[in-house]
Amino acid sequence: MAEILRTPDGGVNLARWRAAAPGVAARLAGWFDGARRDLPWRRHRTPWRTWVSEVMLQQTQVAKVVPYFERFCAAWPDVADLAAAPLEPVLKAWEGLGYYARARNLHRAARVVAERHGGRVPDDLDALLALPGLGPYTARAVLSLGFDRPVAVVDGNVGRVLARLAAVDRPLRPGADPEIFRLAEVLLDRAAPRRHNEALMELGALVCRPGRPACGACPLSPVCLARRRGRAADLP
DNA sequence: GTCCGGTCAG
DNA sequence: CTGACCGGAC
Ligand code: SF4
């Protein structure tokens, strides 16, 4: 039965996953409704707050980000506020988070948005990718989580979840592994993309963790190939 | 001590 | 493409 979800050459059988996608999305959504953490950027979701949170979360853990995020958004509640601010207090607010180029880029990008996008976070992938500090992951996260647009979002967590789900038994290509990205697109719930992507990321953070995945508590375990093969912990 | 992570400059 | 950026988890 496991083999039915793979092609003869061992690759991911996208056609089969396409057929399984509604069930996968429903399991994921049902779990997420009860498991989602109450985080400040979720409590009050806007494109700007999504952007700030995702940049902070790129290389910093949730628990550490929360107080920084609260202070940052209190000081600069919208992109126009940051654009109007001098750089020094922005760097000051970032102290302790590390990767200070993120703060400089965010500040520069806010000014670009003010000057070239009328002070509105653009809801366009190419425009987002052109902003400093927004790469393939963060641009898509802003689109999907901030604007609820149907785009696949694959960070390290989601890549690992999907690789296990489809038992992709090889090192993932850094950045967007093409096969994993295609799988993410096939599984995407286009009727509720924000919830779907948040749920995938939450599953990677809380259940399908790098070290010891909690398959017993996982909503996807009935359809997970790594689980079926007892390989969950040693796949990417 | 080693590894990890998105993005960017080189 | 590779290495640098930083701090935390292991
Ligand atoms: S069943 Fe286990 S390996 Fe598969 S997605 Fe869930 S936690 Fe990850």
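Chain identifiers are assigned alphabetically (A, B, ...) following the order of the sequence lines, protein sequences preceding nucleic acid strands; residue numbering begins at 1 within each chain.
The main-chain N or O of A:L57 is never found under 3.5 Å from a side-chain atom of A:K64 such that the two would form a donor-acceptor pair.
Classified by interplanar angle (parallel below 30°, tilted 30° to 60°, perpendicular above 60°), the ring pair A:W48/A:F72 is tilted.
With rounding to whole Å, A:R108 atom CZ is found 7 Å from B:dA9 atom P. The nearest whole Å value for the distance from the CZ atom in A:R104 to the C1' atom in B:dA9 is 15 Å. Between the OH atom of A:Y100 and the C1' atom of C:dC5 there is a distance of 11 Å, given to the nearest Å. Atom CD of A:Q61 and atom C1' of C:dA9 are 7 Å apart (whole Å). If you measure from atom CH2 of A:W94 to atom P of B:dT7, you get 13 Å, rounded to the nearest angstrom. When the C1' atom of C:dC5 is taken as reference, atom CG of A:L97 falls 14 Å away, rounded to whole Å. Nucleotide B:dG6 holds its P atom 10 Å from the CD atom of A:E54, rounded to whole Å. Computed from coordinates, the A:Q58 CD to B:dC8 P distance equals 8 Å when rounded to whole Å.
Using a 4.0 Å cutoff on non-hydrogen atoms, the parts of residues 140-161 of chain A near DNA chain B are A:D155, A:G156, ordered by number.
Counting non-hydrogen atoms under 4.0 angstrom, A:Q59 reaches a base of the nucleic acid. No contact: A:L106 has no heavy atom under 4.0 Å from any strand. Residue-level contact check: A:Y99 touches the bases, meaning some heavy atom is under 4.0 Å from a base atom. When heavy atoms are screened at a 4.0 angstrom cut-off, A:P174 is found touching no nucleic acid atom at all. Among the atoms of the strands shown, none is found under 4.0 Å from any heavy atom of A:G175. Within the 4.0 angstrom heavy-atom criterion, no nucleotide atom of any strand lies near A:P210.
Looking at A:N157, A:L162, A:D155 one by one, the single match for side-chain contact (heavy atoms from CB on, under 4.5 Å) with A:L200 turns out to be A:L162.
The residues A:E198 and A:R195 are annotated as not salt-bridged, no charged nitrogen and carboxylate oxygen being separated by less than 4.0 angstrom. Taking a cutoff of 4.0 Å between a charged side-chain nitrogen and a carboxylate oxygen, A:D234 and A:R229 do not qualify as a salt bridge. For A:R49 and A:E54, the salt-bridge test fails: no basic side-chain N is under 4.0 Å from an acidic carboxylate O. Ion pairing between a basic and an acidic side chain is recognised when a charged N comes within 4.0 Å of a carboxylate O; A:E185 and A:R182 show such pairing.
In the set B:dG6, B:dC8, C:dG8, the nucleotide with an atom closest to the side chain of A:N105 is B:dC8.
Between A:R173 and A:G96, the one whose closest nucleotide on DNA chain C sits nearer the 5' end is A:R173. Heavy-atom distances to DNA chain B give each of A:L129 and A:T60 a nearest nucleotide, and the one nearer the 5′ end belongs to A:T60. Comparing A:A101 and A:R212 by the nucleotide of DNA chain C whose heavy atom lies nearest to each, the residue mapping closer to the 5' end is A:A101.
Within the 4.0 Å cut-off from OP1 or OP2 of C:dG7, not a single side-chain nitrogen or oxygen of A:K64 is found.
Taking the ring centre of A:Y68 as origin, the terminal cationic atom of A:R71 falls inside the region bounded by 6.0 Å and 45° from the ring axis.
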